[in-house]
2 protein chains.
Amino acid sequence: MRADAERSTMRILEAAETVLAADPNAPMERIADAAGLARATVHRRFPTRKVLLEALVEQVNERYLLALQRARVDAAPPAVALHRLTESLFELKVSHRFGIQLTGDVLSPAVIERLDLVFTRLHAAGEITAVRPQWCRQVFRALVHEVDELPPDAPELGPADSPGARADLLVRTLLGALNA
Amino acid sequence: MRADAERSTMRILEAAETVLAADPNAPMERIADAAGLARATVHRRFPTRKVLLEALVEQVNERYLLALQRARVDAAPPAVALHRLTESLFELKVSHRFGIQLTGDVLSPAVIERLDLVFTRLHAAGEITAVRPQWCRQVFRALVHEVDELPPDAPELGPADSPGARADLLVRTLLGALNA
DNA sequence: AATAACTGAGTCAGCTCTGTCTCATTTCCG
DNA sequence: CGGAAATGAGACAGAGCTGACTCAGTTATT
C-alpha cells in the first residue's frame, strides 16, 4: 500500500465520521466530497457502504480500548479509573460521534470485558450497589450521551467550564443512579 | 369521513408504528401491507411520508398528555405522580415505540410543561437536588429507554415480574441520579 | 527516469422508493 | 335500492443511490 493511498483511507474515515454524524443516511458522494476525493476512490478502499461502516466501528473499538488502558482500569481505584475513562470518552465523542453511536450494538468483546471490570470493581469497593455489569454499562452509555449533549454553559457543569466538569457530573450521576 | 375510511386511517397508524419500530426506513409499501391495504390507499390518507410521521408524533403527544393527567401531576405527591407516570409510559412504549422515540426532539409544549412540573415539584419536596427540569427530563427519558430494554427476567426488576417492577426500578434509579 | 500504483472524471445498468393517476370494483349510508 | 365514497390493482415518470467499469492523467517509489 502506497503512502498515498494510506492517507486517502484515513481521510475517508475522518470524512465519514463527520458527515455521517450529521446524517447517518448521507450518500457516499457526500463523504467523498468531504474527503476531497472522487466517489470512485472511496469505493476502491471500501467496496461497499457496509464495509465502510464496519471499518468505522473497528476504529472506534480500538480507540475505546486505548482509553480503557490509559485509565488503568485494572489497577487504579475504580472510581478514579471511571473518571479518567469518562474524560477520554468525551474526547472520543467529539471526533467519533457517529462511530460511538454505532457501537451501541457491536462493542468488541475485549472492550466489554474491560468495561465490565470497572463496574465489578466498583461494586466490590462498595461504591455502587448494582450487581450486573451489563446494566451498569447500559446506564453508563445512556448518561454519557446525555451529559455530552449538555450545552457548555449548563449549570450542571458548575461555574467554570473546566475540562473535567463533564466527567465530574457523569461520575456523580452514574454512582447515584447505580446506588439506588 | 366515512366510517370505512376512519378505520383505514387507524389501521395505517397502527401498522406504521409496528413496522417503523422495527425499521425506521421501511418503505411505505411495507406499512401498507402490514395494514392490509394498498399502497395507494396509504397515500390517500397521508400524501407524504412526512405527513404520516407528523401524525404519529401528534398521536403520541396526545397519549403522553393523557398519561400525565392520569398521573395527577399537579396534585399528587410528586414521587407518586412520577411513579404512576412511569407506569403509563412503559405501557405506551409497547404500542408506540417508534412514535415515542421520534418525539425525542418534538415533544409538544403542553407535554413539556407538565413534565417539568413534576420535576420542579420533586425539587421543592427535597426529593432531588437537580434544579433544571430540562436536565431532569433528559435523564428521565434516557433511563426510561434503558429500563424498557431490560429483559423481563433481569435481576434488577426483582424476583417476580410484577407490573410495577420496571417503574420501581426507574424511579429509584432516577432519584439516585438526580440527587448526586 | 521508468515503472507501478493511485486518482479523477465520466459513464453505465440496476435497483428501490416516491408520488400520481386511472379505472374497474367493492363498500357504506341514506 | 341507488348514488357516493372508498378501495385495489396496476401502470407511470422521476428521482436518488449504488456499485462497477474505463481510460487518461497524476503521483509515489526505486
Side-chain angles (χ1 to χ4, degrees), chain A residues 1-60 96-99 101-106, chain B residues 1-60 96-99 101-106:
Chain A
M1 188 130 162
R2 233 167 68 174
D4 202 0
E6 189 92 28
R7 273 199 304 272
S8 291
T9 306
M10 290 310 181
R11 276 190 176 189
I12 293 170
L13 288 175
E14 273 178 47
E17 266 297 339
T18 64
V19 169
L20 295 179
D23 174 12
N25 293 323
M28 298 291 270
E29 186 155 25
R30 205 147 1 132
I31 296 171
D33 288 350
L37 298 170
R39 190 170 64 94
T41 306
V42 177
H43 275 291
R44 265 189 280 265
R45 293 310 127 178
F46 305 98
T48 292
R49 186 188 190 82
K50 188 161 165 273
V51 173
L52 174 58
L53 295 185
E54 288 166 356
L56 286 176
V57 168
E58 197 192 329
Q59 200 193 26
V60 165
H96 296 71
R97 265 174 75 78
F98 178 73
Q101 175 182 355
L102 204 61
T103 48
D105 319 314
V106 283
Chain B
M1 186 125 163
R2 231 166 70 175
D4 204 358
E6 190 92 29
R7 271 197 307 271
S8 292
T9 307
M10 291 310 183
R11 275 188 175 190
I12 294 171
L13 288 174
E14 275 179 45
E17 266 298 339
T18 64
V19 168
L20 295 179
D23 174 11
N25 292 323
M28 298 291 270
E29 183 155 25
R30 203 139 12 122
I31 297 172
D33 288 350
L37 298 171
R39 191 171 61 94
T41 306
V42 176
H43 275 290
R44 264 189 280 265
R45 291 313 123 174
F46 305 99
T48 292
R49 186 187 189 82
K50 189 161 165 276
V51 173
L52 174 58
L53 295 185
E54 287 167 356
L56 286 175
V57 167
E58 197 191 328
Q59 201 194 26
V60 165
H96 295 72
R97 264 174 74 78
F98 177 73
Q101 177 181 355
L102 204 61
T103 48
D105 319 312
V106 281

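Here is the naming used below: chain letters follow the sequence lines, and residue numbers restart at 1 for every chain.
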Most 5' of B:Glu29 and B:Arg7 on DNA chain C, judged by nearest nucleotide: B:Glu29
Whole-Å gap separating C1' (D:dT7) and CD1 (B:Ile12): 11 Å
Under 4.0 angstrom between B:Arg49 side-chain N/O and C:dG19 OP1 or OP2: no
d(NE2, B:His43; P, D:dC12) in whole Å: 18 Å
N/O donor-acceptor pair, side chain A:Arg39 with base C:dG10, under 3.5 angstrom: no
Below 4.0 Å: OP1/OP2 of C:dC6 and any side-chain N or O of A:Ser8: no
Residue mapping more 5' on DNA chain D - nearest nucleotide basis, A:Met1 or B:Gly36: B:Gly36
Phosphate contact (D:dT18 OP1 or OP2) by A:Thr48 side-chain N/O below 4.0 Å: no
Sub-4.5 Å side-chain heavy-atom contact between A:Leu56 and A:Leu20: yes
Rounded distance (Å) that lies between atom P of C:dG19 and atom CE of B:Met28: 6 Å
From CD1 (B:Ile31) to CZ (B:Arg49), nearest 0.5 Å: 5.5 Å
Between C:dT20 (C1') and B:Phe46 (CZ): distance, integer Å: 18 Å
Atom-pair distance (CD1 on A:Ile31; P on D:dC17), nearest Å: 11 Å
Value rounded to 0.5 Å, distance of CZ in B:Arg30 from CG in B:Asp33: 9.0 Å
Listed nucleotide nearest any side-chain atom of A:Ala38, set C:dT20, C:dG8, D:dT7: C:dG8
Rounded interatomic separation in angstrom, taking CG from A:Asp23 and P from D:dG16: 14 Å
Rounded distance in Å - CG (B:Leu52) to C1' (C:dG19): 14 Å
N/O donor-acceptor pair, side chain A:Arg44 with base C:dG8, under 3.5 angstrom: yes
B:Ala40 side chain, from C-beta outward: closest of C:dC6, D:dA9, D:dA6: D:dA9
Side-chain donor/acceptor of A:Glu17 to backbone N/O of A:Gly99, under 3.5 Å: yes
Separation of atom CG in A:Leu37 from atom C1' in D:dT27, rounded to whole Å: 14 Å
A:Phe46 vs A:Thr9 side-chain heavy atoms within contact, under 4.5 Å: yes
Side chain B:Arg2 and base D:dA6 donor-acceptor under 3.5 Å: no
Minimum-distance nucleotide (side-chain atoms of A:Asp4 versus D:dA6, C:dC6, D:dG8): C:dC6
A:Pro27 side chain, from C-beta outward: closest of D:dT18, D:dA4, C:dA4: D:dT18
